[in-house]
Every structure is written in structure tokens, then in C-alpha cells.
Amino acid sequence: MTFADRLASLPRAGLAAAIAFAAFVALAIAVVSEPVGNLVRDVMVSTVSPFDQPPKDIVVVAIDEKTLEKFPYRSPVDREFLARLVQRIAEAKPRVIGIDLLFDQTTEPSKDDALRQVITSSQVPTVVASAWASDGLTKAQLAHLAEFSPNAVRGLAALSRDPLDGVVRGAFAGRERDGEWQYSFPSAMALAGGITPSRQTEEMVYYRTANAEPWKVPVYPAAAAMVAPPSWFADKYVLIGVDLPLEDRHATPFVSVNGVLAGTLPGVVIHAHSLARLVSGDRIIAAGMWSGLALALGFGAAGAALAWRPMPLALKPVAILSVILLMWLLVVYLFASKAILVPAVAPSILVLAVSLLVGFLAWQRDQQERQFLKRAFSQYVSPAVVDAIVADPDQLKLGGERRMVTCVFTDLEGFTSFSENMPPERLAEVLNTYLDRICDLFVENGATIDKVIGDAVIGFFGAPSEQADQAVRAVGLALAIDRFSQESRAQMAKQGLSLGVTRIGVHSGPAIVGNFGGKRFFDYTAIGDTVNTAARLEGANKYIGTTICISGTVAQAAQGVLMRPSGVLYLKGKNEGVPTFEALYNSPENRMLCETWGRAWNLLETGSPQAKAAFSEIAASRPEDRLAAMHAARLERGESGPAIRLVDK
């Protein structure tokens, strides 16, 4: 018995326990997945990230405590000094200057004008930090911000902090307002330098050292920058911002390994990291939920397979933990070598949970081996055969007896071409669902399932138990299969899949029924010409345009079933024709059809020239009627009578 069978066989109490277990697992994932996943991500970013070679053309000019000591007030930063600083840096001809300071209030007018004039007249692209009300600015601050150098290039200085713990893990790209996009501060600098940044929020790329510390961006104190040689800034991206102990500092993933003090960086340095990823093109590929699900399915299947496999009890936990360890090694490898970030916490919980559940079911299997084998035997052998064998074990002996049986053959049209463009897993799912229902219909109507070959199901009535109404049962089975086939095709069509019709052949007659196959393997089956004829009638459907082809012997015995004659078929290798009929659903429309058909058929049997017009009229009024179209076409070709010779089996 498979794991799925074992799960389906759980009693109600066991099923309720399984549901409660699934709910507990879902709760564990919801509670644990995000915080633990963040921690794992932060550790990998700090230790195994492939980003250890940052671009060398990014520098920071820091306004630190020593700079502020020279001014009578700390905030806002003296704008006359800023004007001279920007002018001095611009003279070195950097690629872009970015000022990570908000000019959201006025200071001394002459100093404000000096800075405004330098920004406006600069020959170097200069980006000024900006913010919106959503960033916490008041109306007065927003007004000052808009008035200060309104023509300057602006970039939003916001950072993408995780709402759970405040760590900056996302790379803020910008925002849209009134149909206009405003880039983030690093993106605006990249754009000014000729790089078109993405507008999508991505994972933040942090550059690390070999010691798992954050990349030391070249930081020059503002006072030193005033007298620095031009080579410090020539053709570089220069960011100007504050580096103060208690202002504009933010937690980064490096906190996980280096502690709060070393892992908390100034905002301007975080902007430098973000700008570096844009300049270099480095990015983290967030694989997302579906990749995590695929990981859970793949390794969960491996864990379940090990848990299901008989082995010493002490080895199972080791084997399952080894599967989870392999999964983690794969996750680390993908990030360290390809910068692909795959969620691993939720998949680990799922793998462990599935393995535990399967392990429990395996234990149950081992405790109930005899009952399990009995259920498995009942699933794969027709219940009629099982009952007969239980009542009379001597039926297991080799050999057979002559019985009158009604054979039913089914086959799915065009299944080979249907399966060519479908993944094997999906194909197996479709085929198993189809065969399950077909076999159920055989059993529900009292048939013995002979065998299943590919998409074909073969069975018979009249053995091992005699059935006086076997013909009626067989026709009822044929109609039930046809109805299911139509419903299944409609469902497949909604999924964009073209499933063929199920062709059915039914014939009654004598056959040898019993166990055949030698001493090593026996097969309860029916053999003889009756079986072969039923198979030929199934194949004849595709030539005469029907889905159900019933021999005259069955039709004669199945009184009260609505049918219409379809032709006298001369099967390949047969000298005697087989009268055949098509079974129809008993509806007012079909009863009217049978009346019209009967009149046309009488004309056909008598060789009347009027038969051609009669069948043409039926075919014209019923475009979907392939049997009528077939007869109309053959009469049009000059053929006559109901006899049809088939050249193929």
C-alpha cells in the first residue's frame, strides 16, 4: 500500500488528528518562518555572500563630529560650508555628486543662497535628497524642501526597513505620485551617471569583507575633503552625508554576526552600498514562495521515502535530518555561488512534518501488515473475483470452464498524441483519474475486470458468477462509460486539453473463463472468439462514427434499451457479417431519432434509391451525427445496403 492509500485509509479520528497536525505545522510556519528566515538571510549575507568585490568609484564625504565642532550650531549643517564643499568637489570633476541632506528649513539667507547657487550652476550632475509627507515631514518642511533649488535633481532618501525588526533588507527603488515616478536617492545618482535603474523593489545587496564585516566604503571627513587632491573625487560617485553616533544610523544584516555596534551603518553608507549594486549590476535573485514549495516537495518526497522505507528505527531520524541538512547545503550553495535566495525555513518545517507523518504511517503499516495486504489485494483485483475465490479457494487452480459471457472493451481515442506534449507527472494524474472511474463503473455494474492495458479497460459479465441479465448490465455499463467520457472531455477542455472519446465494444457469446498463465503467474481472464469480436467492435467505432458498438446478440438480449442499427460489419478475417447497434440515452429527442432512423434503415435494407436522400436529410439536420454522415457519404459514393467491410482490425 502506498503512502496515499495509507493516508486515505485513516479512520475519522486519525484523519482529524492529521488535520490538527497540519494546522499545527501551518501555525509553526507562520510564527517561525519570517523571523528565523530573516536571521538565516542576514547570516548568509554577512558570511557567504558572493558580493565581496564592490566598485571602486564610490566615495563618501562624511560630516562628522569634528566637522560640526567648527560651527556655532549643529543643525542644519552650515550651508556656506556645504556650498564651498560642493564647489571644491565639483572642481575635481566627479561623475555625480549626491547630497544626502534634507534642506527642509531655512537658515541664514546668504548661506542658503550660496548653496543654492552652487547646486544650480554646477557642471557636475548633482542629486539632492528629498522626502514626502509619508516619510514624516510636516507641511512646512515640505514647503521649504520644494522652495530650495526647485530645479535640482532629487532622489528620495527613504530606506526599506523590515517592519518586523527594522533591519534594512530591501533596496528602495522610489515611489509614484500623481502619475510621476520619483527615484530613490541612489537610483537618482545612478540615473545621473548614465545607468537606468529598475523601478522594482529588490533585495538589498551589501558588500562584505573576508571577515564577514561590512565593506569599508572610502569615507573622507568633510574637513579633509576641502583640501584633498582632485584624484580623490575625479570620475567618481561622491555621496555627502552625516556620520554621527546618534543620527541617521540603521541596522543592517551585519548585526547578526558583528553585533549592533558594528552592524549599524550611517544612512549615507547604506546608500553607497545600494548605489554600488546599481553601478556593478549585482543583484540578489529572490526565488520566492514557489521555489520554496518546490524545495519542500523535492526534499519532502526524499524524506517521506526514507521515512516510509523499512529500516531500523534509530536510523530514521538520522536519515531525515540528513535530508534537511542537504537541503540547507543546497540553499547556501545557491546563494554563495549564484546569489539566488531560496527560502529554507518553511520547507524545512514541511520536510520534517511530512517525514514525521509518513514515519507514523509506516509504523502503523508495520503493525498491521496482514490487514494492509488484504486491503491492497482487494484494490487491485475485481471484488467479484475476490468474493468467488474466498467462497471457493479451489478456483485458484489453473484451467477454465466454458461460460456464456458478455465482453466489454474500452479504449481512449488518440491517447498517444494526447500524451506527447504533456509532462509525465500530469499524464499519470490524468490517466489514473480516468482509469479509476472507468474501473469503478465496471465494478458498480457488476462486471469482472479482466485487465487494464494502457488506457484500455477490458471486462466481462457472466463469470465467475452467472448473471441472467448480463446483456442489460453490459449496455448500461457502456452508456455510463460514454456519459463519463463526455463529462471528462468537457472538464479537460476547460483546462485547454483535448481528450479523445472513449470507444466501447460489446459482444456476447461462449468463452473459456478461468486462471491462465502457468504455475508462476495466473490471470483470471476470458479467452475465445467472443473476446476477439468484442475487441474488433471497439475498434470499428472509429470507422463508422460511433462511440458504442454493440453486437446483434447483445442487442437482442437487452430488450427495452433504446438502440439504432449501425450496420452489418464484416470484420477483417471474418466471412460472416456481425449486425451492430448503437445504444442511445432514453430521451424524447433520441426516441424521435430512432423513429426517423428506422424508416431510413428500412429503405437502406431494401436497397431503395430513396435511402440516399433519407440519410442525407438526417445528416444535414444533425451535423454532430457521425454515423448518419458515414452512411450518407457511402450512399453518395454509390454503395448500397447495410453491409460494411472493414479492412483494418
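Hydrogens, waters and symmetry mates play no part in the numbers below; they use all other heavy atoms, side chains included.
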Could you tell me how the ring of His631 sits relative to the ring of Phe615: parallel (under 30°), tilted (30 to 60°) or perpendicular (over 60°)?
tilted

Nearest 0.5 Å, what's the CZ-CD1 distance between Phe335 and Ile285?
11.0 Å

Note: Asn586 and Leu562 closest approach over all heavy atoms is CA-CD2, 4.0 Å

Between CD1 on residue Ile453 and CG on residue Asp411, distance to nearest 0.5 Å:
10.0 Å

List for me each residue that meets side-chain contact (heavy atoms from CB on, under 4.5 Å) alongside Ile544, sequence neighbours excluded, and say none if there are none.
Thr546, Cys549, Ser566, Leu569, Leu627, Met630, Ile644

Are Val331 and Leu295 side-chain neighbours, meaning at least one heavy-atom pair lies under 4.5 Å?
yes

Heavy-atom closest contact (Leu435 atom, Asp455 atom, distance)
CD2-O, 4.0 Å

Is there side-chain contact between Thr553 and Gln556, with at least one heavy-atom pair below 4.5 Å?
no

Is it true that atom CD of Glu444 has more than 12 heavy atoms of other residues, nucleotides or ligands lying nearer than 6.0 Å?
yes

Counting only heavy atoms not in Arg309, do more than 12 fall under 6.0 Å of its CZ?
no

Quick one: does any side-chain atom of Gln467 pair with a main-chain N or O of Gly462 as donor and acceptor, under 3.5 Å?
yes

Heavy-atom count check: over 12 atoms from other residues, nucleotides or ligands less than 6.0 Å from Glu466 CD?
no

Does Arg402 have more than 12 heavy atoms from other residues, nucleotides or ligands lying within 6.0 Å of its CZ?
no

Is any side-chain heavy atom of Tyr585 closer than 4.5 Å to a side-chain heavy atom of Asp482?
yes

Arg483 CZ: over 12 foreign heavy atoms closer than 6.0 Å:
yes

Residues Phe299, Leu350; criterion side-chain contact (heavy atoms from CB on, under 4.5 Å); working and verdict
CA-CA 9 Å; Phe299 284 90; Leu350 286 173; over 6 Å; no

Verify side-chain contact (heavy atoms from CB on, under 4.5 Å) between Glu202 and Ile284, making sure each step is shown before the conclusion.
CA-CA 8 Å; Glu202 299 179 352; Ile284 293 175; over 6 Å; no

Quick check: does any side chain N or O of Arg536 sit under 3.5 Å from a backbone N or O of Lys572, one acting as donor and the other as acceptor?
yes

Quick check against the 3.5 Å criterion: does Gln470 have a side-chain atom that pairs as donor or acceptor with the backbone of Met404?
yes

Donor-acceptor pair, Ser348 side chain versus Ala344 backbone, under 3.5 Å?
yes

For side-chain contact (heavy atoms from CB on, under 4.5 Å), just list the numbers for Thr533 and Ser551, CA-CA rounded to whole Å, side-chain angles, deciding distance to a tenth of an Å, and then say yes or no.
CA-CA 9 Å; Thr533 301; Ser551 70; 5.7 Å; no

Does Glu589, at its CD atom, have more than 12 non-hydrogen atoms belonging to other residues, nucleotides or ligands within less than 6.0 Å?
no

For a 4.5 angstrom cut-off between non-hydrogen side-chain atoms, does Ile481 reach Ile548?
no

For the side chain of Asn541 and the backbone of Glu538, is there at least one donor-acceptor N/O pair under 3.5 Å apart?
yes

Given side-chain contact (heavy atoms from CB on, under 4.5 Å), test Glu487 with Arg437 step by step and report yes or no.
CA-CA 12 Å; Glu487 294 171 352; Arg437 185 53 187 154; over 6 Å; no

With a 4.5 Å limit on heavy-atom distance, are the side chains of Thr410 and Phe442 in contact?
yes

Should Thr530 and Ser508 count as side-chain neighbours, where that means a heavy-atom distance under 4.5 Å?
no

Minimum heavy-atom separation for Gly359 and Ala307, please, with both atom names.
N-CB, 3.7 Å

Inter-residue atom distance Leu477.CG - Leu441.CG, 0.5 Å rounding:
6.5 Å

Does any N or O in the side chain of Thr448 come within less than 3.5 Å of the main-chain N or O of Ala463, such that one atom is a donor and the other an acceptor?
yes

If I take atom CD1 from residue Ile504 and atom CD1 from residue Ile550, how far apart are they, to the nearest 0.5 angstrom?
8.5 Å

Working to the nearest 0.5 Å, report the span between OH of Tyr434 and SG of Cys439.
9.5 Å

Should the heavy atoms of other residues, nucleotides or ligands under 6.0 Å from CD of Glu617 be counted, would the total exceed 12?
no

Any Lys574 side-chain heavy atom under 4.5 Å of Asp529 side chain:
yes

Within the 3.5 Å criterion, strictly below it, is a donor on Ser608 or Thr606 matched to an acceptor on the partner's side chain?
no

Could you give the distance from OG1 (Thr596) to CZ (Arg591), rounded to the nearest 0.5 Å?
13.5 Å

Looking only at heavy atoms, which two atoms of Leu306 and Lys316 are closest? And how far apart?
O-CE, 4.0 Å

So, for Phe461 and Arg473, which heavy atoms are closest and what is the spacing to 0.1 Å?
CE2-CB, 3.5 Å

Please give me the minimum heavy-atom distance between Leu646 and Ala540, naming the atom from each residue.
CD1-CB, 3.6 Å

Can you tell if the side chain of Gln486 reaches within under 4.5 Å of the side chain of Thr547, non-hydrogen atoms only?
no

Should we say atom CD of Glu624 is surrounded by more than 12 heavy atoms from elsewhere, each under 6.0 Å from it?
yes

Results of side chain to side chain donor-acceptor pair (under 3.5 Å) for Gln200 - residues two or more places apart only:
none

Is it true that Glu636 and Lys612 make a salt bridge, defined as a side-chain N closer than 4.0 Å to a carboxylate O?
yes

